[in-house]
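Reminder, nothing fancy here: chain letters follow the sequence lines and each chain counts from 1. Source: prediction; values computed, not measured.
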Protein chains: 2
Amino acid sequence: MRSEDIAKLAGVSRSTVSRVINNYPNVPEATRAKVLRVIEQHHYEPNSFARALAGKRTDTIGLFAISMTEKEDTSRIYQNSYFAPIVDMVVDTANARGFYVLIHTVYSPGDFQKVKQAFQQKRIDGGILVGTQKDIELVREMVDQEAPLVLVDYDIAEIMAERLNKNHLAVINSNDYEGTVQAIEYLIELGHREIGILKGSMNTFSGRERYLAYEHTLQKHNLPLPEAFVLEGEFLKESAYRETRKLIEQGTLPTALFCANDDMAFAAMEAFSESGVRVPEQLSVIGFDDVQLASRITPKLTTVRLPVDEMAKAAVLKVLELCETEQPTFSTVSFPTRLVIRDSCQPPTE
Amino acid sequence: MRSEDIAKLAGVSRSTVSRVINNYPNVPEATRAKVLRVIEQHHYEPNSFARALAGKRTDTIGLFAISMTEKEDTSRIYQNSYFAPIVDMVVDTANARGFYVLIHTVYSPGDFQKVKQAFQQKRIDGGILVGTQKDIELVREMVDQEAPLVLVDYDIAEIMAERLNKNHLAVINSNDYEGTVQAIEYLIELGHREIGILKGSMNTFSGRERYLAYEHTLQKHNLPLPEAFVLEGEFLKESAYRETRKLIEQGTLPTALFCANDDMAFAAMEAFSESGVRVPEQLSVIGFDDVQLASRITPKLTTVRLPVDEMAKAAVLKVLELCETEQPTFSTVSFPTRLVIRDSCQPPTE
DNA sequence: CTGAAAGCGCTTACAG
DNA sequence: CTGAAAGCGCTTACAG
């Protein structure tokens, strides 16, 4: 069933059918009604590709997550508890507004290609890009195509420096810096002086922010940076676990450990528990993100809450908005984070 | 940049460009090389919609999950720990094979419409449908369009009865019945005689299977069905929590509770813990699915492992296979489940 | 082996 | 207000 068929049945031309479908004003009510009736009777659905080819929207947005890890093919991206809720929320929000979502994750350069294609081939009206790494080049290419694009967890300064800010672009992130300051100062207030860190991926905006805030807060309170307690966790459970084991074997421990995300905090706690290091009695652990599991393990994890759901939702609303607007816009939203105190921290025992 | 441009630059016709792109045999190596060079130089990407319109594939598969709950808009589907890993695996597997995945979840009849459209409008080459409820009608419509379709967690008997089995169709599920029998017999061996159940949604194939197996196994061992301990949990945390509270308030408890999925087991454990009922000392709890959390809470949950990852992967491979094949096929795979014994069960105390 | 032409199903100036 | 026609960017018989 094509628009031609509808046209015949309704006794009008394809042009008119099209006008009705697209809700153009210059169609008399009677004609519109007649056409609509035929459309409904036959459950007619205009072919989306034909529409897209002729210049209409595809009613699809893209969601592209860039893997944290450098190695291809290893740990899948969603294993990271951070992405699952994003996917959830994005799909839900977009669906509720009549949009499909097209998903592709990026591990390898080949995958990058796929993301670009999704834009170039106009498979989507706009896209959301999560994760930052070395993809600024990709972002530029996207932006050059004037495709509506929302970046999540992206360094605004970098965007500005690249002068990408005069297009259909928006960036959404969270106050990771402030959240980390809160976490570290909480530990300091508890009396900790030797605070280690399990770092996130420094390829990532949030990874860098969380590390810098850690460093600066120690400085501000005249605490030395404990080199031996600065571990490279890369946001991944495996590395975090490995690094924590190394730390334990090496002998001396800090009295508290700030983990740049909850996944790493869980891994660290596992390692500690296996070695008989009791949390929080012997060592306090604090996380970041407040994923579901955080409040369900023992001890319940003290962590910094990141409003992922709101961020994801905002990202979708933003792309849709950008799809509507003619003029180039650039906007920025930063969501607040806050410390959630549970059971995994206590004053250091002397 | 369109195929026309490439043609000019390469000094051939669009036909030839198309033949090269589609890897047709009747193109001399020299010509092919020449065209390919131009394509690469200009990063040319054929417009996917135009290709699709002209009858080619879209290189996209659909993933449609049908919400367990009847009410619209309430708990989002992915909150169910069962779906997140499916989405993961499907996206990963499809991406690795060069396919995009288009996602839409179904809460309301309107959403069903969207799923149908995705097929009708040929947005996708094939689709995966998860969850069963009252969507047999939808399945029939899909099948009538001869679209490759893979059903996950679907009653084969129902398909056969509907005579849908002569098309590009496959169904993938798991031996929920056998898994449940194992679980219940394990409890019986431990000495339990009063075994309650938190039922899953009876709209669901797995929900029905798990319930039936429970009932049959009790019968087989000459145990009466303890009506008071048969709770309607619908696979959802909230209902499970509510029902468990009711059970507790009502006074008498079974000595063991079989929960048709882990999510409900967690909710029940929470309710018990709040009321001071100790698991497993006073009451054994057993789950189903073996989601991530199962091995991380205290006590670690004894549960039946469902190979979701393998199932999801198989589903993708199957759709892709169906997309390749000309002739109608119908096939069926059932994945094994197995009991994973951890800490949440023990013999009843007298 | 290869090009001209028709067709896929829509939209949108254009003319009336 | 409305239809005929061109165009979106590809593929594929068809003819040579």
Side-chain angles (χ1 to χ4, degrees), chain A residues 1-36 38-39 42-60 117-125 145-147 326, chain B residues 1-36 38-39 42-60 117-125 145-147 326:
Chain A
M1 179 117 303
R2 305 152 307 142
S3 73
E4 171 103 50
D5 303 319
I6 300 296
K8 271 190 194 128
L9 290 168
V12 297
S13 71
R14 280 143 74 215
S15 312
T16 299
V17 172
S18 180
R19 289 189 186 100
V20 170
I21 289 173
N22 292 294
N23 244 306
Y24 287 163
N26 53 350
V27 177
E29 219 22 77
T31 314
R32 178 186 307 280
K34 189 171 55 182
V35 174
L36 280 178
V38 180
I39 288 181
H42 297 265
H43 303 292
Y44 165 69
E45 290 295 338
N47 179 303
S48 58
F49 292 166
R51 299 191 76 194
L53 234 202
K56 283 298 191 180
R57 298 200 315 207
T58 64
D59 293 337
T60 306
Q117 284 177 29
F119 281 92
Q120 289 172 207
Q121 301 178 336
K122 307 266 189 215
R123 281 173 185 266
I124 52 181
D125 296 330
Q145 296 179 228
E146 319 201 344
E326 276 304 305
Chain B
M1 178 118 302
R2 304 153 310 143
S3 72
E4 171 103 49
D5 304 318
I6 299 296
K8 272 190 194 127
L9 289 168
V12 297
S13 71
R14 279 144 72 216
S15 313
T16 300
V17 171
S18 180
R19 288 189 188 101
V20 170
I21 289 172
N22 292 295
N23 244 305
Y24 288 163
N26 53 350
V27 177
E29 220 21 78
T31 313
R32 179 185 305 281
K34 191 170 56 182
V35 173
L36 281 178
V38 179
I39 288 181
H42 297 266
H43 302 291
Y44 165 69
E45 289 295 338
N47 178 302
S48 58
F49 292 167
R51 300 192 75 194
L53 235 202
K56 282 299 192 180
R57 297 200 316 206
T58 64
D59 293 337
T60 305
Q117 284 176 29
F119 281 92
Q120 287 173 207
Q121 301 178 337
K122 308 267 189 212
R123 281 174 185 267
I124 52 179
D125 296 330
Q145 298 179 228
E146 319 203 343
E326 275 305 305

- Message: Taking only side-chain N and O atoms of Thr31(B), does any of them lie within less than 4.0 angstrom of OP1 or OP2 on dC1(C)?
- Response: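 Result: no.
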- Quick one: which of Thr58(B), Asp59(B), Asn22(B) gives a side chain to side chain donor-acceptor pair (under 3.5 Å) with Arg51(B)?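 When Thr58(B), Asp59(B), Asn22(B) are each tested with Arg51(B), the side chain to side chain donor-acceptor pair (under 3.5 Å) holds only for Asn22(B).
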Euclidean distance, atom [atom1] of residue [X] to atom [atom2] of [N] [Å, nearest integer]:
| X | N | atom1 | atom2 | answer |
| --- | --- | --- | --- | --- |
| Phe49(B) | dG9(D) | CZ | C1' | 12 Å |
| Ile6(A) | dG9(C) | CD1 | C1' | 13 Å |
| Lys122(A) | dG9(D) | NZ | C1' | 13 Å |
| Arg32(B) | dT2(C) | CZ | C1' | 14 Å |

- Considering only atom C1', compute the distance from dG16(C) to dT12(C) and round it to an integer number of Å.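 Straight-line distance between the two C1' atoms is 16 Å.
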- Is there side-chain contact between Tyr44(A) and Ile21(A), with at least one heavy-atom pair below 4.5 Å?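 Counting from C-beta outward, Tyr44(A) and Ile21(A) do come under 4.5 Å.
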- Query: Would you say the side chains of Thr16(A) and Arg32(A) form a donor-acceptor pair under 3.5 Å?
  - Reply: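 Short answer, no.
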- Identify whether the distance between the nearest side-chain nitrogen and carboxylate oxygen of Lys8(B) and Asp5(B) falls below 4.0 Å.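 A salt bridge is absent here (no side-chain N lies under 4.0 Å from a carboxylate O).
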- Single hit among Leu9(B), Leu36(B), Val38(B), Val12(B) for side chain to side chain contact (heavy atoms under 4.5 Å, CB included) with Val17(B):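 When Leu9(B), Leu36(B), Val38(B), Val12(B) are each tested with Val17(B), the side chain to side chain contact (heavy atoms under 4.5 Å, CB included) holds only for Val12(B).
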- Query: Stepwise, does the side-chain hydrogen bond (donor to acceptor under 3.5 Å, both in side chains) test hold for Arg123(A) with Thr60(B)?
  - Reply: CA-CA 10 Å; Arg123(A) 281 173 185 266; Thr60(B) 305; 3.0 Å; yes
- Watson-Crick or G-U wobble partner of dG3(D), both distances under 3.5 Å: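 Base partner found: dC14(C).
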- Could you run through nucleotides 10-16 of chain D and give me one letter per nucleotide, 5' to 3': B if any protein heavy atom sits under 4.0 Å from the base, S if only the sugar-phosphate is that close, - if neither? BBBB---
